[in-house]
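Treat the numbers as computed from the prediction; the structure is a model and nothing was measured. A, B, ... follow the sequence lines: proteins, then strands. Residue 1 opens every chain.
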2 protein chains.
Amino acid sequence: MAVTMNDVARAAGVSLKTVSNVLNDYEFIRPATKQRVQDAIAELGYEANLTARSLRSGKTSMLGLVLSDLSAPYYAELASKLMKAAAQRGYRVLVEQSDAEGSVELNALQGPFRQLTDGLLFTPLAIDADAVAARVGKKPLVMLGEHIVDPRFDLVTMKNREAAAAITTHLLSSGRRRIAVIGAHPGESTGSAGLRLNGYRTALEEAGVPFDPALVAPAVWRRDNGATALAGLLDAGVRFDAVFGLNDVLALGALHELQIRGVRVPQDVAVAGFDDIDEARFASPSLTTVSPGMDEIAERSIGLLLDRIAGNETAATGVHVEAGFELKIRESAP
Amino acid sequence: MAVTMNDVARAAGVSLKTVSNVLNDYEFIRPATKQRVQDAIAELGYEANLTARSLRSGKTSMLGLVLSDLSAPYYAELASKLMKAAAQRGYRVLVEQSDAEGSVELNALQGPFRQLTDGLLFTPLAIDADAVAARVGKKPLVMLGEHIVDPRFDLVTMKNREAAAAITTHLLSSGRRRIAVIGAHPGESTGSAGLRLNGYRTALEEAGVPFDPALVAPAVWRRDNGATALAGLLDAGVRFDAVFGLNDVLALGALHELQIRGVRVPQDVAVAGFDDIDEARFASPSLTTVSPGMDEIAERSIGLLLDRIAGNETAATGVHVEAGFELKIRESAP
DNA sequence: TTTCCGGGATACATCGTTGCAGAGAAAGGC
DNA sequence: GCCTTTCTCTGCAACGATGTATCCCGGAAA
C-alpha cells in the first residue's frame with residue numbers, strides 16, 4: 001500500500017484536510033503546522049495520488065495530441081517540441097495516431113482519449129469542421145495544421161501560402177521555369193497541400209509563368225510516394241527543371257529517384273521541400289526548404305491551449321495564430 | 001455533468017452494481033437485463049469514467065515509454081510501433097523524453113509518471129542497474145535497448161554484436177580493409193555503442209584484419225555529430241575505405257560530409273549504418289544498414305510487459321528477448 | 001465584561017467506479 | 001418436501017483526494 005494523505009495526517013498530528021491545504025498552498029496555515037506536515041511528507045515519502053486528485057478535481061494535467069503518424073519526421077519533431085513545452089508548464093502529452101482514419105479522429109473527440117486529457121491539439125485529416133463541431137464538447141481544442149480553418153475553432157498554423165510562394169519565387173529567380181510539384185491533394189483547397197499549391201500558383205502568376213497542370217503530381221505525403229510520383233513524371237515524359245516537394249519527405253523521396261536516374265541535382269533539376277526537418281540539412285545534396293517556425297508553433301499552441309483551459313483566453317470566436325517562416329537555401333536549389 | 005452509471009441504473013431500472021456488472025462482463029446476468037442496461041447506455045450515451053475506474057481498480061491502462069528524444073528517427077519509429085501494438089491490446093502509451101538526463105530517468109521510475117502507468121518500457125541511458133533496482137517498485141518494467149543488461153530485469157533487445165559483426169564482415173568481403181567507426185562511446189562495453197563496436201572488432205579479428213584505434217571516432221548519436229566526427233577523421237589525415245556508423249543518423253551525417261568533401265560513395269569510401277530507419281532506403285546513395293527487427297521488438301516488448309502486468313509471465317528472473325536482424329545491402333556499400 | 005471578527009484548523013460529503021458479502025429465487029439431489 | 005447448489009441481482013464500503021461548512025480561539029472593539 002502506498003502512503004496516503006491520511007498517513008501523513010496521522011504522522012503530523014493534523015487532520016487530513018490540513019495536509020491537503022499544505023499541498024495546495026492554502027493561505028492560512030501556521031508556519032509551524034506547515035513545517036510539521038512537510039516533515040511528515042518527507043519522512044514517509046508521500047506522493048499525491050494523481051488519479052484520486054483527477055477524480056475529485058476533474059483535471060488530468062494531460063493534453064491530447066492527435067496526429068496521423070508519429071513516425072513521420074515532421075510530426076515526430078513537432079511532438080517532441082510540444083511535449084517539452086507542455087512539460088515546462090506541468091502538463092504531459094498523450095499522443096494518438098489516427099493514420100488519417102476518420103473513425104479514430106472522431107473517437108479522439110469524444111471517447112476515452114478525450115476524458116484522459118484537459119485539452120486537445122488536433123490535426124484533423126479525414127473529418128470536416130462540422131463533424132468536429134458536432135462532437136467537440138466544452139473541453140478546449142486547438143487545431144494544428146490547416147485541414148480545418150474555421151472561425152469556430154482556435155488554430156495555430158504556418159504561412160503555407162506565403163512560404164510556398166516564397167520558395168517558388170526562389171526557384172523562379174534562379175532561372176527555373178518548369179517547376180514540378182509533388183504531393184498535391186486533388187480537390188483540396190484548404191489543407192496544407194491545397195494552400196501550398198495555391199502559393200506555388202500565385203508565385204508563378206506574379207512571375208508571368210504559365211501554370212501547367214501536367215507538372216502537378218498527386219501523392220500522399222510519404223517518402224516512398226515522393227519517389228514514385230517523380231518516377232511517374234519522368235516516365236510520362238514530362239519535362240521540368242525543378243521539383244517542389246510539398247513537404248520534405250516527398251522532396252527527399254523525389255531527390256532519391258532523380259539520383260537513381262542519373263539526373264544531376266541541382267544542375268539539371270533543382271529540388272525544394274517544405275518543413276525543414278533535421279534530415280534536410282544533411283541530405284546529399286542538402287535540401288533547400290522552408291522552416292515553418294516549428295518552435296513558435298509548439299510554444300504558441302501549448303500556450304493557447306493552456307490559456308483556454310485556465311480560462312485566460314476568453315475570445316468567443318476562434319483565435320488564429322500564424323507562425324513566421326524562413327527560407328533555407330541549400331545545395332539542392334541554390 | 002456527464003452521464004454516470006447511476007443515471008444508467010435509474011433509466012434501466014436496475015441497481016448501480018448491475019450496470020457495473022454488465023460493463024465488466026460479469027457471468028450471471030439475465031440476457032433481458034443485460035439488454036435493458038445496454039439500451040439505457042446507448043440511449044443516454046453513457047461513457048465510463050476512466051479516472052474513477054482507475055482509482056477504484058488501481059489500473060490505468062497506460063504504459064510508460066521512457067526514451068531520450070522522440071525526434072530521433074529510430075525512437076520515433078519505435079514509439080509509433082509500440083503505440084500501435086499497445087492500442088491493439090487496449091493500452092495507451094505515455095511517452096517521457098529524458099534527454100539522457102539521469103534525474104528524469106529516476107523520476108520516471110517513481111514519480112507521477114510511474115503512477116500514471118501500469119508498466120514501463122524503459123530505455124535507460126544515464127543510470128545504472130542498481131539505481132533502477134533501488135527505485136523500481138513492484139510495477140512491471142521492461143528494459144529496451146542494451147544500456148542495462150541485468151538478470152534482475154526483463155529485457156527486449158536486438159542482436160547488436162552479431163549484426164554489427166555481420167555488417168562489418170560484409171564490408172570486409174567487398175574488399176574494404178580500413179573501416180572507420182563513428183559513434184563509439186569510450187569506456188562503454190554494455191550499451192549499444194559498446195556492443196556494436198565489439199561486433200566490429202570480432203569481425204575484424206575473424207578476418208585477420210588488425211584493429212586500429214585511430215579509426216574509431218566517438219560521437220553522441222545525432223546526425224550533426226556524425227558529420228563532425230567524420231570531418232574530424234578526414235582533417236586528422238586518417239585514411240579509410242569504409243565507414244560504419246553505429247546508427248543510421250550517424251552514417252547519414254557522415255555520408256553528407258563525405259559528399260561535401262567530394263569523396264565518392266561507395267567508390268572511394270563505402271558507408272554502412274545500423275537501424276534501417278525509413279530514411280536509409282531513400283538516402284542518396286541509399287544506405288546499407290542492418291534492420292534490427294523493430295516490429296518484433298515492438299510486439300515482443302509490449303507482449304512481455306502486458307504478460308507481466310497480467311501475471312501471465314511469472315519467471316522470477318528477468319526474461320531476455322533478442323529480436324532477429326537482417327542485412328540491408330544497398331548502394332552505399334554494395 | 002461582552003461582542004465581533006478573522007485566522008487556523010477540522011468533519012463530512014463527494015467525485016464515479018468496483019469488490020465484497022449477501023439476499024432472494026430457481027433448479028437439482030435425495 | 002427439504003436441503004443444497006446455482007443463478008441473478010442488490011447494498012454498502014472503499015479507492016484517495018478536495019470543496020463546503022463549520023468550529024474554535026485570541027485579540028480588538030464596544
Is it true that A:Arg152 and A:Asp130 have a side-chain N and a carboxylate O under 4.0 angstrom from each other? yes
Atom-to-atom span, [atom1] of [X] to [atom2] of [N] - whole angstrom:
X	N	atom1	atom2	value
A:Lys59	D:dG19	NZ	C1'	15 Å
A:Ile41	D:dA17	CD1	P	10 Å
A:Arg36	C:dG8	CZ	C1'	12 Å
B:Asn49	C:dT14	CG	C1'	13 Å
A:Phe28	C:dC5	CZ	P	16 Å
B:Leu23	C:dG16	CG	P	15 Å
B:Gln35	D:dT8	CD	C1'	17 Å
A:Arg10	D:dG16	CZ	P	12 Å

What's the spacing between A:Arg56 CZ and A:Thr51 OG1 if we round to 0.5 Å?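 The OG1 atom of A:Thr51 is 15.5 Å from CZ of A:Arg56, to the nearest 0.5 Å.
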Any side-chain heavy-atom pair of B:Leu121 and B:Val66 under 4.5 Å: no
Got a sec: does the CZ of B:Arg300 have more than 12 other heavy atoms crowding it under 6.0 Å? no
Within less than 4.0 Å of OP1 or OP2 of [N], is there a side-chain N or O belonging to [X]?
X	N	answer
B:Asn21	D:dC9	no
B:Arg53	C:dT18	yes
B:Ser57	D:dC15	no
A:Arg30	C:dA9	yes
B:Thr18	D:dC9	no
A:Tyr26	C:dT10	no

Worked verdict on B:Asp118 versus B:Thr60 for side-chain hydrogen bond (donor to acceptor under 3.5 Å, both in side chains): CA-CA 6 Å; B:Asp118 293 340; B:Thr60 64; 3.1 Å; yes
Describe the nucleic acid contact of [X] in one word from base, sugar-phosphate, nothing, applying a heavy-atom distance below 4.0 Å.
X	value
B:Leu16	base
A:Thr33	sugar-phosphate
B:Ser20	base
A:Gln115	nothing

Applying salt bridge (Lys or Arg N to Asp or Glu O under 4.0 Å), run through A:Asp39 and A:Arg36 and close with a yes or a no. CA-CA 5 Å; A:Asp39 289 350; A:Arg36 213 146 27 95; over 6 Å; no
Of B:Lys17 and B:Leu55, the one whose closest DNA chain C nucleotide lies more 5':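 That would be B:Leu55.
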I want to verify a distance call: between [options], whose nearest atom is closest to the [X] side chain?
X	options	value
A:Val14	C:dT18, C:dT10, C:dG8	C:dT10
A:Ser15	C:dG16, D:dT8, C:dA11	C:dA11
B:Ala52	C:dT10, C:dG16, C:dT18	C:dG16

Double-helix bend of the helix from C:dT1-D:dA30 to C:dC30-D:dG1, axes at both ends from 5 pairs, round to 10°, gives 50°
With a 3.5 Å cut-off and just heavy-atom distances, do the side chain of B:Arg56 and the base of C:dT18 make a donor-acceptor pair? yes
Locate the shortest heavy-atom distance separating [X] from [Y]; write the atom from each residue and the value.
X	Y	answer
B:Leu155	B:Gly145	CD1-O, 3.0 Å
B:Leu141	B:Leu305	N-CD1, 4.3 Å
B:Phe113	B:Ala108	CD2-O, 3.8 Å
A:Gly137	A:Arg114	N-NH1, 3.9 Å

Take B:Glu299 and B:Lys81 through the salt bridge (Lys or Arg N to Asp or Glu O under 4.0 Å) test and state the conclusion after the steps. CA-CA 8 Å; B:Glu299 279 296 325; B:Lys81 286 176 200 237; over 6 Å; no
Anything under 3.5 Å between a protein N or O and an N or O of nucleotides 22-24 of chain D, put it in a table, one pair a line.
none

